[in-house]
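Comments concern the structure below.
Per chain, numbering begins at 1; letters A, B, ... match sequence-line order. All of these numbers come straight from a predicted model, not from anything done at the bench.
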2 protein chains.
Amino acid sequence: MKRDPRNILQQYKLKNTPVRVSVLEVLLGSRVALSHNDITERLKGKDIDKVTLYRTLNSFTEKGLTHKVPTEDRNWLYAIFDEDLLRPATDHYHAHFVCNKCDKIYCLPVEEHQSMQNSSIKMGFKVLSSEVRLHGLCPVCQ
Amino acid sequence: MKRDPRNILQQYKLKNTPVRVSVLEVLLGSRVALSHNDITERLKGKDIDKVTLYRTLNSFTEKGLTHKVPTEDRNWLYAIFDEDLLRPATDHYHAHFVCNKCDKIYCLPVEEHQSMQNSSIKMGFKVLSSEVRLHGLCPVCQ
DNA sequence: ACTGATCTTGCAACTCAGTTGCATATTCTG
DNA sequence: CAGAATATGCAACTGAGTTGCAAGATCAGT
């Protein structure tokens, strides 16, 4: 019940429209973060306007439903923040794994890396949040 | 002597041209990573072509002189990788601190965060490199 | 120091992701 | 079910970054 697109949209105060349901289904169905392009591909036949898709993804992100990840090559990837939809996307600690071979981005659970932050604090920086990006080979590609 | 632009260019097998010297001086003179735009600003009067600047920065990065940082808002920032020019920019472990107030990006020394990587390896990911981004308030802004 | 191969520069024209404005359609609250 | 609020689709635009090309600068070898 929890993962029903319509419920989720309502939960995040987003109007329930066919486009949003389709996009959300695609995102829910993917283990990895998807680009605007990826989503368009997976919605071939539904013929969703590119502007609408941008706006949809931005609405999702604004409301905290999805997480917008900047990539090395200046693209945005979007992913449902938490598989269980329990934690909001405003959480402070993120980690992403970028596969060098297939370029897919995986969201990983991250424990805080206290030592990193401590040394920054010593240098006069006040750390409020952090993002960790790991590069390498994903389980599929190695 | 070490920080003389001409010497540095030579050291990195880059041809010594007026444009490159100017750009390098700007980068050397900045404690923070600069965007194409920032650099253009600081070179007002020298009237450097935007394409040339892009190509210059890319050459620098290819040769390992500078470090190209993708920002939240889809810009690139460029910074001399190491203040002492001792370590090449091809090093695998990077950390950046992004100030929430002034939006400046600082390069920070980073010790490896082994626990992070270990847990990824357990999950089937092979970690080859990593990037850490910390957000918060820099010494100037707090 | 001069020559020539090689790399750099500057300009114009282009590409492409993403945005804006606006008119129309849809949602959902009362 | 009516009406305000929001979403959609289209066309035209924006702006960072790229490409092609001709002219200019660099530097190694003589």
Exercise. Nearest-nucleotide wise, let me know which of B/V51 and A/N58 is further upstream toward the 5' end of DNA chain C.
Key: B/V51

Quiz prompt | Separation of atom CD in A/E62 from atom C1' in D/dA7, rounded to whole Å | solution = 13 Å

Quiz item: Using the C1' atoms of the five pairs at each end, what is the angle between the end axes of the helix from C/dA1-D/dT30 to C/dG30-D/dC1, to 10°?
Solution: 40°

Exercise. Go through the steps to decide whether A/T61 and A/N58 satisfy the test side-chain hydrogen bond (donor to acceptor under 3.5 Å, both in side chains), and finish with yes or no.
Key: CA-CA 5 Å; A/T61 304; A/N58 285 337; 5.1 Å; no

Exercise. Just call it for B/S59: base, sugar-phosphate, or nothing, with non-hydrogen atoms closer than 4.0 Å on any strand.
Key: nothing

Practice problem: Check B/I80, B/N16, B/D4, B/L14 against B/L24 for a side-chain contact (heavy atoms from CB on, under 4.5 Å) and give me the one that passes. | Solution: B/I80

Self-check item: Those residues that, when tested against B/T17, pass side-chain hydrogen bond (donor to acceptor under 3.5 Å, both in side chains) (two or more places apart)
Solution: none

Quiz item: Within this structure, what is the CG-to-C1' distance between A/D47 and D/dT8, rounded to whole angstrom?
Solution: 13 Å

Self-check item: Atom pair CG/CG of B/N75 and B/L34 - distance to nearest 0.5 Å
Solution: 12.0 Å

Quiz item: When all nucleic acid strands are considered with a 4.0 Å heavy-atom cut-off, which category describes A/R55: base, sugar-phosphate, or nothing?
Solution: base

Exercise. For B/D49 and D/dA22, give me the distance from atom CG to atom P, rounded to whole Å.
Key: 17 Å

Quiz prompt | d(CD1, A/I48; P, D/dT8) in whole Å | solution = 9 Å

Self-check item: Gap between atom CD1 of A/I39 and atom CD of A/E41 - 0.5 Å precision
Solution: 11.5 Å

Practice problem: Go through DNA chain C in 5' to 3' direction and return only the first and the last nucleotide with some atom under 4.0 Å of chain A's heavy atoms. | Solution: C/dA17 to C/dC28

Quiz item: How many angstroms lie between CG in A/L53 and CZ in A/R55, if you round to the nearest 0.5 Å?
Solution: 11.5 Å

Quiz item: Are B/S59 and B/R20 close enough that some pair of their side-chain heavy atoms sits under 4.5 Å apart?
Solution: yes

Practice problem: Go along nucleotides 23-30 of chain D 5' to 3' and tag each nucleotide: B for a protein heavy atom under 4.0 Å from its base, S when only backbone or sugar atoms are that close, - otherwise. | Solution: ---BS---

Practice problem: Identify, with sequence neighbours excluded, every residue that meets side-chain contact (heavy atoms from CB on, under 4.5 Å) alongside B/K46. | Solution: B/S22, B/L43, B/I48

Quiz item: Which pairs pass ring pair (Phe, Tyr, Trp, His ring centres under 6.0 Å) with one or both residues in residues 27-57 of chain A, sequence neighbours excluded?
Solution: A/H36-A/Y54

Quiz item: Is the shortest heavy-atom distance from the side chain of B/F60 to the side chain of B/K68 under 4.5 Å?
Solution: no

Practice problem: To the nearest 0.5 Å, tell me how far B/T66 OG1 sits from B/Y78 OH. | Solution: 8.0 Å

Self-check item: B/L77 CG to D/dG17 C1', straight-line distance once rounded to whole Å
Solution: 15 Å

Practice problem: Could you check which of D/dT8, D/dG17, D/dT18 has an atom nearest any side-chain atom of B/W76? | Solution: D/dG17

